Number of protein chains: 2
Amino acid sequence: MEALEQFKQFLDGRGLKYTREREKIFQAIVAFEKPFDVDGLLFYLKQREIKTSKATIYRTLQLLQESGLLRTISLSPTDHRTNLYSLCGKYRAYDHLICTGCGKVTDVEKKQICDSCRTITQDRGYQLESHSLRIFALCPECQKKGLTVENCR
Amino acid sequence: MEALEQFKQFLDGRGLKYTREREKIFQAIVAFEKPFDVDGLLFYLKQREIKTSKATIYRTLQLLQESGLLRTISLSPTDHRTNLYSLCGKYRAYDHLICTGCGKVTDVEKKQICDSCRTITQDRGYQLESHSLRIFALCPECQKKGLTVENCR
DNA sequence: CCTCTATTGAGAACGAGTCTCAGTTGCATG
DNA sequence: CATGCAACTGAGACTCGTTCTCAATAGAGG
Ligand SMILES: [Mn+2]
Ligand SMILES: [Mn+2]
Ligand SMILES: [Zn+2]
Ligand SMILES: [Zn+2]
């Protein structure tokens, strides 16, 4: 199913409305394609003279998350306050490759990771719900300009 | 090497001092054993009439992170603002099993995950630096009282 | 001592995200 | 249409973890 359709159905199922504001915000996010922050979203909308309040944006992001269409990414291994948001398909894993040089975020899909998570939880009697993997590494472009880093372990 | 020794060497190498305040904070963190938040640390110190300011605590946590002895954990898949801190060994991976019911955090070590990260980065020409995996799942105790959750994917 | 840093505490500042509340909109129903 | 009512919205106050500022203090070396 298309993302928009999924969002509309989600709203409908909750007795909520697909309003002009929600439409504008949704379209902006789709237009971005890449992970974005709320700052950038606000600026983008302001540039196009689309008036929306911060509150409405956060409320819409919340709905998108609840509908399974949006996820958040925390960019730093040590400071979990700088968040990006990104539209996603209907899967519940959040695996990202993050360049520590330029901040570029790439989606990663690897069956092996999901398998490991399943094993880990089963071994301990847990019931798996979801997981989030962030891999911090230098992209090829940044390596050409940049520093070498200590390897994992 | 012992953690305290490692911290002292780190400070020394930077021309910094192992002060009374830093000592008290370090001891409190060791005494905790479990992941803690700054709130809790402040309360713990206040109870024992050890006077330290918030600023000094944050500054010390920063140093501990830079020395490789401390890591942060973000507890929610969607909201990266609630952080815990936890002493750790000298490895750079941050893998945690987090109970979505009671919030219990368990360390996880799995070679397979580090291997996957290595493969993913190598395939794309990245240079691996570190990774952070959070697995969200219901612990056995919470399952006895609690809800069933949707499985991963 | 004297000097030069590193350090500290108090509290102001910051900033992403949330809440409040009064006014608006969408929609169903008579 | 008119009326009713819940959902929705924007402005701005608020929260709360974290960082910054700055004046006072402490350590180490000469
Ligand atoms: Mn921005
Ligand atoms: Mn607390
Ligand atoms: Zn890069
Ligand atoms: Zn639990």
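Note that the structure is predicted; figures quoted are calculated from it, not measured.
The distance between atom CG of A:L63 and atom C1' of C:dT18, rounded to the nearest whole Å, is 14 Å. Atom pair A:Q62:CD and C:dC19:C1' shows a separation of 14 Å (rounding to whole Å applied). A straight line from OH of A:Y18 to P of C:dC27 spans 13 Å, rounded to a whole angstrom. The CD atom of B:E23 sits 15 Å away from the P atom of C:dT7 (whole-angstrom rounding). Atom CG of A:L16 is separated from atom C1' of C:dT25 by 14 Å (rounded to the nearest Å). Atom CD1 in B:I57 sits about 15 Å away from atom C1' in C:dT7, given to the nearest Å. For the pair B:L11 CG and C:dT8 C1', the interatomic distance rounds to 15 Å; values are reported in whole Å. With rounding to whole Å, A:L42 atom CG is found 14 Å from C:dT18 atom P.
Here C:dG26 is the nucleotide among C:dT5, C:dG26, C:dG9 with the atom lying nearest to any side-chain atom of A:K17. Relative to the side chain of B:A55, the nucleotides C:dC27, C:dT7, C:dG9 differ in distance, and C:dG9 lies closest. The side chain of B:E21 sits closest to C:dG9 out of C:dG26, C:dG9, C:dT20.
Side chains of A:T60 and A:R22: no donor on one and acceptor on the other come within 3.5 Å. B:E66 and B:Q62 share a side-chain donor-acceptor pair at under 3.5 Å. Remark: the B:T56 side chain and the B:S53 side chain contain an N/O donor-acceptor pair separated by less than 3.5 Å.
Across all strands, B:R20 comes closer than 4.0 Å only to sugar-phosphate atoms, never to a base (heavy-atom distances). At a threshold of 4.0 angstrom between heavy atoms, the contacts of A:R59 include nucleobase atoms, whether or not backbone atoms are also involved. Contacts of B:Y85 with the nucleic acid, taken as non-hydrogen atoms under 4.0 Å apart, involve only primed sugar atoms and P, OP1 or OP2. Within 4.0 Å (heavy atoms only), B:K54 reaches at least one base atom of the nucleic acid.
Around the CD atom of B:E33, the shell of radius 6.0 Å holds no more than 12 heavy atoms that belong to other residues, nucleotides or ligands.
Ion pairing of A:D123 with B:K110 is absent here, as no side-chain N (NZ or NE/NH1/NH2) approaches a carboxylate O to less than 4.0 Å. A salt bridge links A:K111 with A:D115: the closest approach of a Lys/Arg side-chain nitrogen to an acidic carboxylate oxygen falls below 4.0 angstrom.
The backbone N or O of A:L69 lies less than 3.5 Å from no partner atom in the side chain of A:Q6, so there is not a single donor-acceptor pair.
Close approach of DNA chain D to chain B, defined as any atom under 4.0 Å from a non-hydrogen atom of the protein, starts and stops at D:dG17 to D:dG27.
Contact check, A:N83 against C:dA16: no side-chain N or O comes under 4.0 Å of OP1 or OP2. Side-chain N/O atoms of B:S53 include none lying less than 4.0 angstrom from OP1 or OP2 on C:dT8. A:Y58 has a side-chain polar atom (N or O) that falls below the 4.0 Å cut-off from OP1 or OP2 of C:dG17.
Taking CZ of A:F10 as the reference point, atom CG of A:L16 lies at 7.0 Å (rounded to 0.5 Å).
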